[in-house]
Amino acid sequence: MNNTKENILNVALKLFAKSGFEAVSVSDISGELGITKGALYKHYKNKRDILDSIVAKMVEIDAERSCLHNVPKDSFEENPEPYADVSVENFKDFTVSQFGFWTENEFAADFRKMLLLEQFRNPSMAEFYRNCISEGPVDYTEKIFAAMAERGALKKCNPRLLALEFYSPLFLLIAISDGKRDKTPYLNELKEIIDNFFEKYKEN
């Protein structure tokens, strides 16, 4: 992606995160960039095209990060095989990294804020929110825990309940840390919670 297209996405997302997708116009985006609407339209057909490109970039980043931490990048329904091989340590590292990603990565943080603003006003945004922030991560974690229990890495408990117990602190600590300059205390709390979780549910 060239610099102009990338700048358009970054600026548009920042405006969407501040004011909401519906409230921001193409004129607002081009004005913030200091370019004409015609110049913007050379790269994106309309505001929805910009949003779709933002979502596509998030999907790409998420896949890259999953590969980096050796956890599945596809849904269980698309490709179940990688779920059988996720190690406890890799999943712990990935979860800790998710905190930093959603709070410190500017693009991801703005994406999350946009979804928080728009989830009750726009059905497609509500779906993105569920898939990226709430229900999607719980389902993903449930499939991983089911596979871990199957091979004896975790106790055989209800994997859905385990996923809810595991993901809830991450979800809450991300929200609590919003607006806080120093996020280290929350990150340390998350690490301790994760360690305690796996100590509690590891198969002896």
Side-chain angles (χ1 to χ4, degrees), residues 10 13-14 16-17 54-79 82-119 125-149 153-154 159-202:
N10 291 334
L13 179 55
K14 192 159 290 297
F16 295 159
I54 289 170
V55 173
K57 181 177 176 180
M58 278 298 304
V59 170
E60 181 181 347
I61 293 171
D62 189 55
E64 290 173 353
R65 296 187 67 257
S66 297
C67 292
L68 179 65
H69 291 277
N70 293 310
V71 296
K73 65 182 181 67
D74 300 316
S75 71
F76 183 82
E77 290 71 24
E78 292 172 318
N79 186 15
Y83 285 75
D85 300 322
V86 178
S87 73
V88 168
E89 288 305 316
N90 282 346
F91 195 61
K92 287 168 67 173
D93 290 344
F94 175 70
T95 304
V96 169
S97 78
Q98 287 292 82
F99 179 86
F101 177 65
W102 287 115
T103 59
E104 301 287 358
N105 181 288
E106 191 172 359
F107 193 87
D110 284 341
F111 185 77
R112 181 172 62 86
K113 290 171 187 174
M114 175 187 70
L115 296 186
L116 285 169
L117 280 176
E118 290 292 329
Q119 63 175 313
M125 292 289 193
E127 184 177 0
F128 291 147
Y129 181 84
R130 288 193 300 271
N131 290 340
C132 297
I133 308 294
S134 60
E135 189 175 352
V138 172
D139 290 343
Y140 178 80
T141 302
E142 177 186 355
K143 299 300 190 298
I144 287 175
F145 285 171
M148 285 182 177
L154 284 182
R160 175 73 177 181
L161 296 182
L162 289 183
L164 288 168
E165 180 179 341
F166 183 83
Y167 184 66
S168 295
L170 172 61
F171 182 87
L172 181 60
L173 287 168
I174 287 172
I176 291 174
S177 72
D178 278 340
K180 305 292 196 306
R181 182 170 297 179
D182 183 9
K183 302 184 188 300
T184 305
Y186 309 103
L187 178 60
N188 290 337
E189 288 173 343
L190 178 64
K191 290 177 180 177
E192 185 173 352
I193 289 168
I194 290 171
D195 286 340
N196 289 341
F197 176 91
F198 281 105
E199 184 64 28
K200 177 181 176 182
Y201 288 111
K202 71 179 180 181

For side-chain contact (heavy atoms from CB on, under 4.5 Å), just list the numbers for Met58 and Cys132, CA-CA rounded to whole Å, side-chain angles, deciding distance to a tenth of an Å, and then say yes or no.
CA-CA 9 Å; Met58 278 298 304; Cys132 297; over 6 Å; no

Ring-plane angle category for Phe111 and Phe128, please: parallel below 30°, perpendicular beyond 60°, tilted otherwise.
tilted

Side chains of [X] and [Y]: does their closest heavy-atom pair fall under 4.5 Å?
X      : Y      : answer
Ser168 : Val138 : no
Glu127 : Gln119 : no
Glu165 : Lys200 : yes
Ser87  : Asn70  : no
Thr103 : Tyr186 : no
Ser134 : Tyr129 : yes

Atom pair [atom1] ([X]) and [atom2] ([Y]), whose distance is rounded to the nearest 0.5 Å:
X      : Y      : atom1 : atom2 : value
Asp139 : Phe76  : CG    : CZ    : 11.5 Å
Ile193 : Thr95  : CD1   : OG1   : 12.0 Å
Ser66  : Ile61  : OG    : CD1   : 11.5 Å
Leu117 : Arg112 : CG    : CZ    : 11.0 Å
Asn131 : Ile133 : CG    : CD1   : 10.0 Å
Ile54  : Leu13  : CD1   : CG    : 4.5 Å

Pair [X] and [Y], ring centroids less than 6.0 Å apart:
X      : Y      : answer
Tyr201 : Phe145 : no
Phe197 : Tyr167 : no
Phe198 : Phe166 : yes

Using the side-chain contact (heavy atoms from CB on, under 4.5 Å) rule, take Phe16 and Asp110 through it: C-alpha gap first, then chi angles, then the decisive distance, then the call.
CA-CA 8 Å; Phe16 295 159; Asp110 284 341; over 6 Å; no

Steps toward side-chain contact (heavy atoms from CB on, under 4.5 Å) verdict (Leu68, Phe94)
CA-CA 9 Å; Leu68 179 65; Phe94 175 70; over 6 Å; no

Please collect all salt bridge (Lys or Arg N to Asp or Glu O under 4.0 Å) contacts where either partner lies in residues 188-197, sequence neighbours excluded, each pair once.
Lys92-Asp195

Work out which heavy atom in Leu170 is nearest to a heavy atom in Leu190; give both atom names and the distance.
CD1-CD2, 3.7 Å

Ignoring hydrogens, what is the shortest heavy-atom contact between Val86 and Met148? Give both atom names and the distance.
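Where Val86 meets Met148 most closely, the heavy atoms are O-CE, 3.6 Å.
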
Please check: side-chain N/O of Glu104 versus main-chain N/O of Phe101, any donor-acceptor pairing under 3.5 Å?
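Between the backbone of Phe101 and the side chain of Glu104 there is no qualifying donor-acceptor contact (under 3.5 Å).
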
Has the side chain of Lys183 got a donor or acceptor atom that lies under 3.5 Å from a matching backbone atom of Ser177?
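Yes, Lys183 side chain to Ser177 backbone: donor-acceptor pair under 3.5 Å.
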
Should the heavy atoms of other residues, nucleotides or ligands under 6.0 Å from NZ of Lys73 be counted, would the total exceed 12?
no

Between Lys113 and Asp178 (salt bridge meaning N to carboxylate O under 4.0 Å), is one present in this structure?
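Looking at Lys113 and Asp178, the cut-off is not met.
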
Under the rule for salt bridge (Lys or Arg N to Asp or Glu O under 4.0 Å), what residues qualify as partners of Arg130, not counting sequence neighbours?
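For Arg130 there are no salt bridge (Lys or Arg N to Asp or Glu O under 4.0 Å) partners, ignoring immediate neighbours.
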
